[in-house]
Structure formats: structure tokens, C-alpha cells
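All remarks here apply to the structure that follows.
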Amino acid sequence: MIYDCDYIGRDHAIIRLFCKNGEKHVDYDENFLPYIYGIGCTCQDISRVQGIKECEPVSRTFKGENVDAVKILFHFPKDVPLYREELRSYGKIYEHDIPFARRYLIDNDIYPMSDGHDLKVLAFDIETYTETYPDSRKDPIIMISLATSEKSAVITYKHVEKEYVEVVENEVQMLTRFFELIKEIDPEVLVTYNGDNFDLPYILERVRVLKVECPLEFRILGRGATTKVRVPGFCHIDLFPISKRLLNLTSYTLEAVYQEITGKCKSKIRGDLISTYWDRGGEPLEQLADYAREDAEAALAIGEKFLPLQYALSRIVGQTPFDISRASSSAMVDWLLLREAHKRGEVAPNQPHGGEYEKRASQSYEGAYVLEPEKGLHENLVQLDFRSLYPSIIITHNIDPLTLGCECCENNTSPAGYTFCLNKKGFIPEILKTLLSERAKVKQQMKKSDDRMLEFQQWALKILANSFYGYMGYPRARWYSLECAESTTAWGRMYLKQIIDMARKEDLKVIYGDTDSVFIKMKDSNVERALRFLETVNTSLPESMELEFEGFYPRGLFVTKKKYALLDDKGTFITKGLEIVRRDWADIAKKTQQEVLEIILREGSPQKAAQVVEEVTCKLKQRQVNLEDLVLYTRLTMPLSQYKQIGPHVQIAQKMKQRGEDVGVGSTIAYIVKEGRGLIRDRVVPYQEGEPLNVQYDADYYIENQVIPAVMRIMTAFGFKKEDLIYQRTEQMSLEKWF
DNA sequence: ACGGCTCGGGG
DNA sequence: GTGTACGAGCCGT
Ligand SMILES: [Mg+2]
């Protein structure tokens with residue numbers, strides 16, 4: 001099984017395949033050469049370019065048509081970008097931007113992670129001595145924690161009396177010991193949380209500053225926001241980008257992700273306090289060591305959850321887990337198609353060039369159909385969903401850049417006005433069919449076997465199949481086609497509207513519908529009628545399309561399009577689009593919103609929810625709330641001088657700086673809005689934990705700009721106005737009653 | 001409603 | 001590394 005691939009050499013590339021089949025070993029291949037394709041030029045032209053290794057005529061297809069192409073070979077991968085521009089003057093060039101190791105896997109029909117996944121995983125994490133924000137040139141690393149499935153440990157250089165702590169003399173020795181341990185443990189996979197952007201570049205810099213002998217190589221690829229760190233010989237997986245892709249959370253701190261996955265809490269020591277814990281020694285130091293260990297253990301736990309899916313995707317797409325774990329689903333589809341094109345002798349279209357990307361990115365088209373909900377609280381809801389709506393539409397209607405625009409299949413014209421030929425094979429629909437039938441096979445196997453790998457395999461296949469529609473509208477896609485993307489959603493709208501119409505004709509009450517699902521309100525918990533409706537619908541749908549029973553919900557709250565909450569029959573909450581997510585909301589707003597949702601769904605009482613809001617506004621006015629519930633946090637991400645929009649946090653940072661406080665890039669600004677007139681940004685005061693505020697907070701601001709907007713997202717569904725929710729000392733309502 | 005700006009994880 | 005992110009949410013118009 002191959003878990004990573006790269007190449008070495010200065011003027012001749014040698015491919016390295018990192019394998020483990022029981023034993024670990026490296027395979028080398030020095031007989032593979034970089035190449036690109038040229039179309040519309042001859043080898044005679046090309047051989048005029050000095051430095052090219054070889055040129056040979058080849059027959060290929062391009063956009064499905066036979067073409068005479070030339071295969072231009074180079075001595076070394078990095079020669080490609082060197083000669084690219086010159087070669088463009090002789091004709092069109094293709095496949096000129098494919099990293100060498102990836103090209104190798106594709107051309108040699110090698111699929112990484114193919115048999116068995118018995119890889120050894122080591123998770124690690126560092127703690128640094130940081131007073132303001134981390135500066136790897138001067139702030140030392142003070143602890144390194146490691147975790148494997150067998151044990152966990154912390155290395156440090158202050159005395160800590162804990163059985164898992166190994167104490168050494170200084171930072172240099174700690175790093176040396178860390179490298180030694182990696183060698184001893186001998187893992188294939190290195191797991192970190194945000195290691196691409198923090199831990200690995202930091203360790204590398206410390207190694208340089210301290211001139212530590214380092215047996216590992218860290219290759220930093222891409223600088224800035226897209227930094228990735230490759231450690232040759234290992235597969236480094238950063239769980240942060242994976243967590244962002246796979247989970248839907250309000251924040252993606254290690255703690256939040258760990259809790260989501262395990263249901264367990266872990267301790268957290270704020271970054272700016274770590275140096276204090278270190279300096280104090282004694283108990284705080286022990287707590288710091290515990291925290292460090294927990295971090296590595298948490299990363300390992302998250303890794304155990306996410307790695308099998310990455311391995312499965314890697315094996316299906318045919319690229320290394322290192323690359324797969326950092327790729328968007330559209331990028332994965334691109335690599336999958338590239339490989340399939342190569343198998344078919346098809347030259348791949350180029351990525352957008354010049355202004356093409358911007359042009360594509362700025363194009364918009366009509367998306368899915370969303371039915372305006374019948375607002376309010378409903379009971380006994382049945383949800384019916386199309387099974388893989390977009391994949392089945394693409395297959396049924398043979399939606400593909402190459403089948404687009406035919407004259408023989410007028411009856412296969414999308415509501416967007418594009419006709420797709422049904423008499424020739426489409427590239428994308430064919431691959432999609434294979435993925436779906438693979439998935440069906442895996443699901444069959446799952447009935448006979450309880451191999452957990454099958455579950456991840458079918459999940460990976462599902463993810464990929466569902467990514468094809470988005471791919472066609474993805475501006476960087478090689479097989480980009482706005483017409484295809486547009487036609488897919490157009491047909492989707494058509495089918496969903498058909499279902500809604502049919503349901504209404506059968507006298508079923510449709511409460512809401514979005515993209516591929518409808519919610520039908522039943523008279524009681526008996527879902528018989530909905531199931532009969534399903535059967536009727538399915539006989540009328542095209543063969544590969546199917547409407548399915550998705551679930552029954554005793555209660556559901558519908559506010560507007562895309563904003564609703566459900567309570568399922570197990571008592572679990574499902575909310576869409578309602579919750580305030582960003583941290584520029586104060587806790588009081590988040591908590592009140594949550595409480596309102598709970599009361600409405602569990603108790604079915606919007607009136608009681610309104611009362612709760614009124615109570616909160618009352619407490620705010622009477623200054624009975626905790627200061628911590630009012631604090632707003634925002635991070636400074638650039639030097640103060642660079643801000644074009646002066647938000648409250650920028651304003652306060654400017655003030656703090658004038659006062660001589662150190663507010664650099666990366667500091668988190670905590671602030672409270674105080675009473676007064678004028679712009680909010682002129683009325684912010686910094687908040688220090690535990691310090692009493694010597695000004696009054698602005699109760700009106702927290703009511704009008706925090707609590708009310710947060711709960712109004714929900715309460716509008718019941719016709720409440722904001723005046724109904726704010727506590728008034730004079731009873732306006734009772735006055736009205738008298739007249 | 002739309003477009004431009006800002007942010008994220010790590011210490 | 002023969003590749004330079006991206007999507008959500010807010011604010012001002
Ligand atoms: Mg840590």
C-alpha cells in the first residue's frame with residue numbers, strides 16, 4: 001500500500017513511492033519523464049526550442065474528437081514552467097501544470113491506499129512561550145506533546161512531577177528528543193491541528209534559530225493562507241482543514257471539534273496565558289502539561305475519526321492522502337477526471353487562464369427552487385427527499401460538456417434551454433454512473449460484512465458523486481460548463497415543482513420545499529398517506545430518479561426560506577440557517593436565541609418564548625447581567641494602518657495602541673459597548689477578564705443590536721414585532737386594552 | 001438585493 | 001511545487 005509519493009534529484013527526477021505492506025519500504029523509479037501535450041504544432045517546430053528532451057507525435061482525442069497531438073518530453077519537472085511560454089508560441093499546450101508525482105500516479109495506474117490501512121499514527125502539538133502573539137524567532141517552544149494509540153507523552157524542560165512527562169535540559173534537547181521519539185515510534189502518518197500554519201513552520205524556525213540538528217525535512221509549500229507542510233517520508237495530515245469541510249460548527253477550535261466528535265469536553269488554556277502558567281511553576285505548570293497532553297490526544301482522537309474517510313477518498317481519486325486531505329471536493333473531482341481522461345486517451349482541457357477565472361467566477365446562474373414556507377409552528381411533518389437528485393439528473397439527461405448542443409434530441413432540452421444528446425456517451429455521466437454503481441456494490445457487501453472500511457468507502461463515493469454538479473460550476477474546473485450546471489439546477493427545479501403540484505392535487509399539505517426535499521403536514525403521526533404518495537410519484541419518475549422517505553418530525557418551526565428548526569422523534573434538534581454563528585455576537589444574544597428555540601420546539605409555546613426575551617431585556621435594563629455575557633471578540637488580522645473599514649475592534653485597537661499597549665496582528669480584541677451618543681465604534685471599551693467596568697454598558701445597544709435581532713430571526717414567524725419583546729416599564733399593552 | 005470587505009485555526 | 005484558497009457572514013449602498 002502506497003501512502004505517499006514525491007520525487008528527488010537535481011537534474012534528473014527519481015520518483016519515490018512510500019509503501020507499507022507489513023514492512024515499510026521505499027520504491028524508486030528513475031524512468032519516468034515529465035511531459036506536456038501540444039496541439040496544432042509539429043515536432044519540427046518544437047525541436048527548435050533548446051532544452052526540450054524529446055518530441056513525439058501521438059494520436060489522442062480532444063473534446064471527444066481525434067487529434068494529432070505532440071507529446072513534449074522534458075529532462076526535469078521544473079523545466080516545464082521554464083519553457084511553457086516559449087512553447088505557447090508554436091501552438092496550444094495542454095496538461096502543463098500537473099505536479100510530477102501526481103502525473104506519475106495517474107500514468108502508471110497507481111492508486112494510493114489500495115490494500116489495507118494499517119498505518120501508524122502519531123499526533124503531536126507544541127506549546128510556546130508567548131506573551132502577545134507568537135514570534136517564532138524569539139518565543140521558545142516550551143512543551144511538545146505526542147500521542148499514539150498506545151500512549152501519550154509530554155517533553156519539557158522545567159520539572160513536572162507527572163508520569164507521562166519527560167524532563168530534559170533545554171529547548172534544544174527537547175527538540176532533539178522529539179525527533180528521536182519520532183524515529184523510535186516510526187509512524188507513517190503525522191497528525192496535527194493547524195500544523196500547516198502553525199506547529200510545523202514554528203518548529204522549523206526554532207530549528208534554524210537554535211541550529212538544532214534535525215533529521216526530518218519540512219517542505220513548506222505555498223506561503224500565506226495556503227501554506228501546506230510536507231514532511232518527506234511521512235504523510236502529514238492537518239486536521240483543521242478537514243474539520244472545516246466535514247463539520248458544520250460555529251467555531252473550529254480544537255476544543256469545539258473534539259467535543260463535536262467525542263461528546264467530551266477538554267480543558268483549554270488561553271494562548272496568551274500559557275507563559276503565565278509556565279512562569280508560575282507548581283500547580284499551574286502541571287495543568288499546562290495536562291493541557292498539552294490533552295491537545296495531542298484530542299488531535300489523535302479527531303484523526304481516528306477522519307482519517308479513514310481521507311484514505312478512502314485517496315484510493316478512489318488516486319492521489320495521496322496528503323493532497324486529498326487538503327483538496328476541496330471540486331478539486332478532487334478534477335483529479336479524478338484527469339485520471340479518467342488519461343485512461344481514455346483524452347487530452348484534458350486547461351484550467352482557466354488569464355482573466356478567464358475571474359470571468360467564470362463572476363458569472364451567476366439560477367440555483368435550486370425554494371418554496372416560501374408556511375410560516376410558524378407545525379406538527380406531524382413528513383420529509384420526502386430525492387435520492388441523489390443532481391447526480392441522477394446528470395445521468396438521466398446525459399448532461400456533459402460534450403453532449404451539449406445536439407439536434408437529434410430535442411425532447412432532452414433542459415428548462416434552461418440547452419439540449420443534450422442522448423445518442424452518445426457523456427464523459428462525466430459515464431464516470432458518475434461508475435461511481436454510483438460502485439457505491440451500490442459496496443452497500444451490497446456491507447450487508448454481508450461488517451468491515452468498517454466499507455462504510456467509509458461508500459461515504460467517499462457519495463461525497464464524490466454529489467460533488468459533480470458543483471464541479472461543473474466551479475470556476476477552476478478543467479471541465480467547467482456553466483450550461484451544464486445551469487441545466488442541472490433547472491431540471492432540479494422542474495422535478496421539485498412537479499412533486500409539490502402532485503402532492504397538492506392529492507390534497508396533501510406542503511409546508512416547505514427546498515432543492516430536493518418537501519415537508520408535508522399530516523393530521524397525526526400516521527404517515528400512511530405520505531407513503532402511498534411516494535409510490536405513485538416513483539412510478540412516474542425516470543428510472544434512475546427516486547423520491548424517498550427521509551423522516552418524521554413531531555414538530556417543526558419554519559421562519560423563512562432556508563431558516564427552520566425541527567424536532568425529530570428521538571427528541572433531537574435540527575436547525576438550519578437560524579443560529580447566529582459568528583463570534584461578533586455577544587453570549588447574551590446566543591444564549592437567549594438558543595433558549596427561545598428550545599421553548600418553542602419542546603414546549604410549543606411562542607408566548608412563553610416571548611416572555612423569556614422580555615425578561616432578558618428587563619435584566620439588561622436593570623443591569624443584572626454578567627459582564628462576560630456582553631463581551632464581543634474580534635481578531636486583528638492585519639496592521640492597523642491597512643484597514644479600510646474601521647470596525648469597532650479596529651477603533652479600540654487604535655486607542656489601545658495610543659495608550660502604549662501592544663496590539664499587533666493576531667491579537668484578539670475583547671470589548672464592551674458603553675453608553676453614550678454617536679457611532680458604536682466610538683463607544684467601545686476594552687474588556688479585561690475579572691476587571692470591573694468603570695463605565696455603564698449600553699443596555700439599549702445590547703437589546704436593539706444583539707438580543708432582539710438574534711431572536712427576531714425566529715419570532716417573526718409568529719408575527720411578533722420587536723416592541724412586543726422588549727420590557728417596558730409602562731404597560732402599553734394594558735392601556736390599549738381599555739380603548 | 002448586491003457587492004465589497006473581513007475572517008478563520010494555532011500560541 | 002509542471003497547482004497559489006474559499007466560503008460564510010456582515011456592512012454599507
Ligand atoms: Mg496545544
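What you are looking at is a predicted structure, and each value in this text was computed from that prediction instead of being measured. In what follows, every chain begins at residue 1, and chains take the letters A, B, ... in the order their sequences are listed.
Per the geometry, CD belonging to A/Glu358 stands 14 Å off C1' belonging to C/dA5, to the nearest Å. Rounded to an integer number of Å, the gap from NE2 of A/His75 to P of C/dT2 is 17 Å. In this entry the distance linking CG of A/Leu105 with P of C/dG1 reads 12 Å, nearest Å. Put simply, CZ on A/Phe74 is 12 Å from P on C/dT2, counting in whole angstrom units. Between the CG atom of A/Asp196 and the P atom of C/dT4 there is a distance of 18 Å, rounded to whole Å. As rounded to whole Å, 15 Å separates atom C1' of B/dG8 from atom CG of A/Asn248. For A/Phe322 and C/dG3, the CZ to P distance is 15 Å, given to the nearest whole Å. One interatomic measurement links the two molecules: CD1 of A/Ile8 to C1' of C/dG1, which rounds to 16 Å at whole-angstrom precision.
Between the base of C/dG3 and the side chain of A/Arg102 there is a donor-acceptor pair shorter than 3.5 Å.
In this structure, A/Ile98 reaches the bases: a heavy-atom distance under 4.0 Å links it to at least one base atom across the strands shown. Counting non-hydrogen atoms under 4.0 angstrom, A/Tyr104 reaches nothing in the nucleic acid. Using a 4.0 Å heavy-atom cutoff across all strands shown, A/Thr226 reaches at least one base atom of the nucleic acid. Within 4.0 Å of A/Tyr252, counting heavy atoms only, lie sugar-phosphate atoms of the nucleic acid but no base atom. Contact annotation for A/Leu254: backbone-only contact, meaning every heavy-atom pair under 4.0 Å involves sugar-phosphate atoms and none involves a base. Within 4.0 Å of A/Tyr35, counting heavy atoms only, lies at least one base atom of the nucleic acid. Among the protein residues, A/Asp295 comes within range of the sugar-phosphate backbone only, with heavy atoms under 4.0 Å from sugar or phosphate atoms but none that close to a base. Among the protein residues, A/Asp125 comes within range of the sugar-phosphate backbone only, with heavy atoms under 4.0 Å from sugar or phosphate atoms but none that close to a base.
The heavy-atom pair separating A/Gly303 from A/Leu239 by the smallest distance is N-CD1, 3.6 Å.
Mapping A/Tyr474 and A/Lys228 onto DNA chain C via the closest heavy atom, the residue that lands nearer the 5' end is A/Lys228.
Dashed line: the shortest gap from a side-chain N or O of A/Arg476 to OP1 or OP2 of C/dT4 is not under 4.0 Å. Look at A/Tyr357 and you won't find any side-chain N or O under 4.0 angstrom from OP1 or OP2 of C/dT4. Distances shown here put every side-chain N or O of A/Tyr7 at or beyond 4.0 Å from the OP1 or OP2 atom of C/dG1.
Proximity of residues 80-94 of chain A to DNA chain C (heavy atom under 4.0 angstrom from any strand atom) is restricted to A/Val80, A/Pro81, A/Arg84.
With a 6.0 Å radius and a threshold of 12 heavy atoms from other residues, nucleotides or ligands, A/Arg280 has its CZ atom at or below the threshold.
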Sequence neighbours left out, cut at 3.5 Å: what donor-acceptor pairs do the side chains of residues 230-238 of chain A make with other protein atoms?
{"residue": "A/Arg230", "atom": "NH1", "partner": "A/Asp4", "partner atom": "OD1", "Å": "3.3"}
{"residue": "A/Arg230", "atom": "NH1", "partner": "A/Asp4", "partner atom": "OD2", "Å": "3.1"}
{"residue": "A/His236", "atom": "ND1", "partner": "A/Val229", "partner atom": "O", "Å": "2.9"}
{"residue": "A/His236", "atom": "ND1", "partner": "A/Arg326", "partner atom": "NH2", "Å": "3.3"}
{"residue": "A/His236", "atom": "NE2", "partner": "A/Thr192", "partner atom": "OG1", "Å": "2.8"}
{"residue": "A/Asp238", "atom": "OD1", "partner": "A/Asn194", "partner atom": "N", "Å": "2.7"}
{"residue": "A/Asp238", "atom": "OD1", "partner": "A/Phe240", "partner atom": "N", "Å": "3.0"}
{"residue": "A/Asp238", "atom": "OD2", "partner": "A/Gly195", "partner atom": "N", "Å": "3.3"}
{"residue": "A/Asp238", "atom": "OD2", "partner": "A/Asp196", "partner atom": "N", "Å": "3.0"}

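Here A/Glu217 pairs with A/Arg219 in a salt bridge; the nearest charged N to carboxylate O distance falls below 4.0 Å. A salt bridge links A/Lys266 and A/Asp295; the closest N-O separation between the charged side-chain nitrogens and carboxylate oxygens is under 4.0 Å.
Distance check on atom C1': C/dT2 versus C/dC6 gives 24 Å, rounded to whole Å. Nucleotides C/dA5 and B/dT6 place their C1' atoms 15 Å apart, quoted to the nearest Å.
For an aromatic pair to be called close, the ring centres must be under 6.0 Å apart, and A/Tyr94 with A/Tyr37 fails this.
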Walk me through whether A/Thr128 and A/Ile142 qualify under side-chain contact (heavy atoms from CB on, under 4.5 Å). CA-CA 5 Å; A/Thr128 66; A/Ile142 52 182; 5.8 Å; no
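Contacts of A/Tyr157 classified as ring-ring contact (aromatic ring centres under 6.0 Å, His included), with partners at least two apart in sequence or in another chain: A/Trp278.
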